[in-house]
Protein chains: 2
Amino acid sequence: MEANSLIQTLNNITILSPAIQQEIKLHLIEERFNRKAIILKAGQVSQRIYFIKEGFIRAFYQKNGSDYTSWFMGQGDIIVSVYSFFSRKPSFENIQILENSVLQSINWDQLQQLYKTFPGFNLTGRLITEQYYIKSEERSIALQTLTAKQRYDALLLAYPGILQKATLGQIASYLSIKQETLSRIRAKV
Amino acid sequence: MEANSLIQTLNNITILSPAIQQEIKLHLIEERFNRKAIILKAGQVSQRIYFIKEGFIRAFYQKNGSDYTSWFMGQGDIIVSVYSFFSRKPSFENIQILENSVLQSINWDQLQQLYKTFPGFNLTGRLITEQYYIKSEERSIALQTLTAKQRYDALLLAYPGILQKATLGQIASYLSIKQETLSRIRAKV
DNA sequence: GATAAGGTTTGACTAAAGTCAAAAAACAGG
DNA sequence: CCTGTTTTTTGACTTTAGTCAAACCTTATC
């Protein structure tokens, strides 16, 4: 089995039967995307759920004329605009490639078909959603209980190469501070 | 069928077969809890997932010597310390009754048994988790894009009776501001 | 209905982050 | 390697929220 593939990642969550694996492989497509490409635009309904085989990506939304980064995601992560993909409503967020990436994906209809054909596959979907829920909760806790400097340090720890991939403006918006503030935090060592 | 019961709420998400409904009813217990009772203490592994038939509840955690309210929840909500219940690790948060409540609940083993016996029930679990994920995301967005006053107004709108049930200290900690700041926001009308 | 405990408000001051503008540095293409 | 664009830093100033302490309410209880 190929390293860093979606199938392998799913198998690490819970073993999939050969039949499901076969069916997933049948629909999975692999694509390359270049830096700065937008793979989901706000206003569109998210149609595909992606797996990052290689690369670095962010999700962001705009409000009151500013950008807010929701997430950074790297190799091995599953990315999707949860709200739009699952509710089938227009997305409020954009998904943007930050470094040339190789993504595997399947579309909504195919995923629903998988759930229908293999009810037990809902277990995988549920576990992934639980994991992402916990991540989201951790983010809220960090925003409430850590200083801006501590959040910055934690981000660098989680994504060591991030300074080469994202701009300080993007990072600041993820940390919930202004770029000037981040610049001053960095200056102070 | 009883109004505001867990079974009814689950059926609104996706229709359950009579067999699953029967099995759930078999394990569901209903209990009354009084104001100030703690139904989950930090450090314990969360064993039960609750449905609020009636009442008002909050989850909070302690860090750096302060209380942080994670959630307020009312009638019709399903409550659980997601992290602890699903990972089976000690909870970092407490769940506290704010007004006398009637809760229905089942324990972890019984829920897993349900998932095992009825693989399609994972669909319900997945959809609920998706809903809660979206709520968590909305919370982060509110924290990033709304002023403290706007967050306060939104909370009052979501839970009109909250001022009679929770203290201003609890509300302030949910809004991510100090009690004194909330007091001043209220004074300025 | 006096008292204590819990909860809320106010005041004076401090700290942290935002704003706006401009300068400096880094980068990308021709 | 020059030039325009984007990104990052710096400065002066304002705004918002936090801190600590005291005073003031409200509620429950004896």
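All values reported here derive from a predicted model rather than from experimental measurement. In what follows, every chain begins at residue 1, and chains take the letters A, B, ... in the order their sequences are listed.
- When rounded to the nearest whole Å, the span between CG of A/Leu168 and P of D/dT10 equals 12 Å.
- Scanning all heavy atoms of the two residues, the minimum distance from B/Tyr50 to B/Ser105 falls at CD2-CB, 3.5 Å.
- Taking atom CG of residue B/Leu163 and atom P of nucleotide D/dT27, one finds them 13 Å apart after rounding to whole Å.
- The shortest distance between the side-chain N/O atoms of B/Ser183 and the OP1/OP2 oxygens of C/dT9 is below 4.0 Å.
- For the pair B/Tyr152 OH and D/dT16 C1', the interatomic distance rounds to 19 Å; values are reported in whole Å.
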Side chain to side chain contact (heavy atoms under 4.5 Å, CB included) for A/Phe33 and A/Gln96? Distances and angles first, verdict last. CA-CA 10 Å; A/Phe33 291 95; A/Gln96 180 188 37; over 6 Å; no
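- Atom P of nucleotide C/dT10 and atom CZ of B/Arg186 are separated by 10 Å, given to the nearest angstrom.
- Rounded to a whole Å, the CD1 atom of A/Ile177 is 9 Å from the C1' atom of C/dA17.
- Residue A/Thr167 is in sugar-phosphate contact alone, with no base atom involved, counting any heavy-atom pair closer than 4.0 Å across all strands shown.
- With C/dG18, C/dT9, D/dT9 as the candidates, the nucleotide lying closest to the side chain of A/Lys178 is C/dG18.
- Residue order along DNA chain D, read from the 5' end via each residue's closest nucleotide, puts A/Gly169 first among A/Gly169 and B/Thr181.
- In this structure, A/Lys165 atom NZ and C/dC27 atom P are separated by 16 Å, rounded to whole Å.
- In the set D/dT8, C/dC20, D/dA21, the nucleotide with an atom closest to the side chain of A/Gln179 is D/dT8.
- Side-chain atoms of B/Ala187 lie closest to C/dT10 of the nucleotides C/dT10, C/dT9, D/dT10.
- Closest to the A/Arg184 side chain, of the nucleotides C/dT10, D/dT9, D/dT10, is D/dT10.
- Residue A/Phe56 holds its CZ atom at 6.0 Å from CZ of A/Phe72, rounded to the nearest 0.5 Å.
- For the pair A/Arg184 and A/Glu180, the salt-bridge criterion is not met [side-chain N within less than 4.0 Å of a carboxylate O].
- For B/Gln170 and C/dG6, the CD to P distance is 14 Å, given to the nearest whole Å.
- Between A/Tyr61 and A/Phe92, the angle of the ring planes goes over 60°, which puts this pair in the perpendicular group of the 30/60° scheme.
- In this structure, B/Arg35 atom CZ and D/dT27 atom P are separated by 11 Å, rounded to whole Å.
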